[in-house]
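Since the structure comes first, as structure tokens, the remarks are kept for the end.
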Amino acid sequence: MHFYLEPGGKLVGSIRVPGDKSMSHRVIMLGAIAEGKTDVSGFLEGEDALSTLGAFRNMGVMISEPESGRLSIEGVGLRGLQAPTGIMDVGNSGTSIRLMAGLLAGQTFSSVLTGDQSLLRRPMARVITPLSQMGAVISSREGCPPLEISGGRKLRGVHYELPVASAQVKSSVLLAGLFAEGFTSVGEPAPTRDHTERMLTGFGYTVEAGSGSIGLEGGGTLQGTRVDIPADISSAAFFMVGASIAEGSDLVLEHVGINPTRDGVIRILKAMGADIESSNERDVGGEPVADLRIRSAPLRGIDIPVEEVPLAIDELPAILIAAACAEGATVLRGAEELRVKESDRIASMAEGLTQLGISNTVHADGITVIGGDIDGGVIATHHDHRIAMSFAMAALRASNRIKVSDCAHVATSFPGFAELAARVGLRLEVADT
Ligand code: S3P
């Protein structure tokens, strides 16, 4: 499946992008091990979150079929999961495999987690190391999936200092901590998304958060609850960039999650000169939400502050498209984590930008992009959803047609992207050949 984009256009209208991916994974996991029922709205019916949903059904949890983002989970309690039938395949989803590794490490039964070609190349030592310190026994294929998690191990609480700022690793350790004896805590070198902590609190579980450290006591109880998941700021980011770079745009993104550990993209784009106005700010189930109005504005290159990198980690490909349309150089450093995402996003972005005639220099930990005129061309996505959607937005400023090849993975995080983008003005058509 490929995207074909005619050059030009502008983004106008008011839309709500699908639900937050990180929260959708977590609500299934926490709802499953809670006591009683959890009702969810705003659930992302994308392939990644559905992989998590399928895995928990496989462990005996009754979860209703999602319908327009609504579903309910019949929690089985902390000790109620059943041994899965066969290997659990979580597709493309790094969040599923890393968080579930923690949750499964403390079960009485053994389990095996695997995924698609991209996931089979992604590093898992980062979760195996701390989980092993807690007493888990997990084998991998040279640090990559499949993961074989031995059941019947007694876990003990530890303090673990994260060597890289990773919410997935933090969450994996905290989820294992629910099943451990004593207190489990994690120290972060820099703040990362805190949805696990917030949602645990929403399920009535006590989480202690101090300066750069988050901890919990094992063996407590989660209470089923209601969770309203806001629109995913990571999906909104493509439209923020599109509306900023396409002259004459005026777009409202409704009900977007603006958690301060996720909203680096707004600060970075504003620092580049973007016109983003936030209104109707409110708290929805412990998560801040707002409507965002974006009008096109001339952008200038900046040095992206290193401390913003973990707070905008999934939005950096889209931000690099803004950089391509900005006056002067944009410098991204301290972003080596991009190399181990669904693709090597530094290499994928550099290759695509070069294809479109945008000059750039690759660094081990980032990239420098010089704004300029965007030409047409054929973009390889390396089967990475965020690379595909970022380059689709580049067409708004291109002088010729762009083909974005192999876009099927867009469905992992943003089902309906092509239709929604076309509705607000992107000149996008989808074809199989
Ligand atoms: C996520 C954390 C981030 C992010 C990923 C989702 C999460 O990964 O890139 O898309 O839901 O916890 P890292 O923890 O590897 O930075």
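What you are looking at is a predicted structure, and each value in this text was computed from that prediction instead of being measured. One-based numbering, in listed order, for ligands and for the atoms of each.
- In this structure, the side chains of Phe203 and Ile33 stay at 4.5 Å or more apart for every pair of heavy atoms.
- When non-hydrogen atoms are compared, ligand 1 lies under 4.0 Å from neither the backbone nor the side chain of Lys170.
- Looking at Asp314, Val169, Val309, Leu162 and measuring to atom 4 (C) of ligand 1, the nearest heavy atom belongs to Asp314.
- Crowding of Glu181 atom CD: a count of heavy atoms from other residues, nucleotides or ligands under 6.0 Å not exceeding 12.
- Side-chain atoms of Ser96 and His25, non-hydrogen and from C-beta on, do get closer than 4.5 Å to each other.
- Proximity to Ile313 (heavy-atom distance under 4.0 Å) selects the following atoms of ligand 1: 9 (O).
- Between Phe43 and Met23 there is no side-chain heavy-atom pair separated by less than 4.5 Å.
- Of the inter-residue distances, the one linking Glu419 atom CD with Leu426 atom CG reads 12.0 Å to the nearest 0.5 angstrom.
- The shortest N or O to N or O distance between Ser22 and ligand 1 is below 3.5 Å.
- The distance criterion of under 3.5 Å between nitrogen or oxygen atoms is not met by Arg386 with respect to ligand 1.
- Under 4.0 Å from ligand 1, the heavy atoms of Lys341 that appear belong solely to its side chain.
- Across Asp314, Asp48, Asp232, a single residue satisfies salt bridge (charged side-chain N to carboxylate O under 4.0 Å, His left out) together with Lys21, and that is Asp48.
- Residue Ala167 has at least one heavy-atom neighbour below 4.0 Å for each of these atoms of ligand 1: 12 (O), 14 (O).
- Nearest protein heavy-atom contact of atom 12 (O) of ligand 1 is Arg26 NH2, 2.6 Å.
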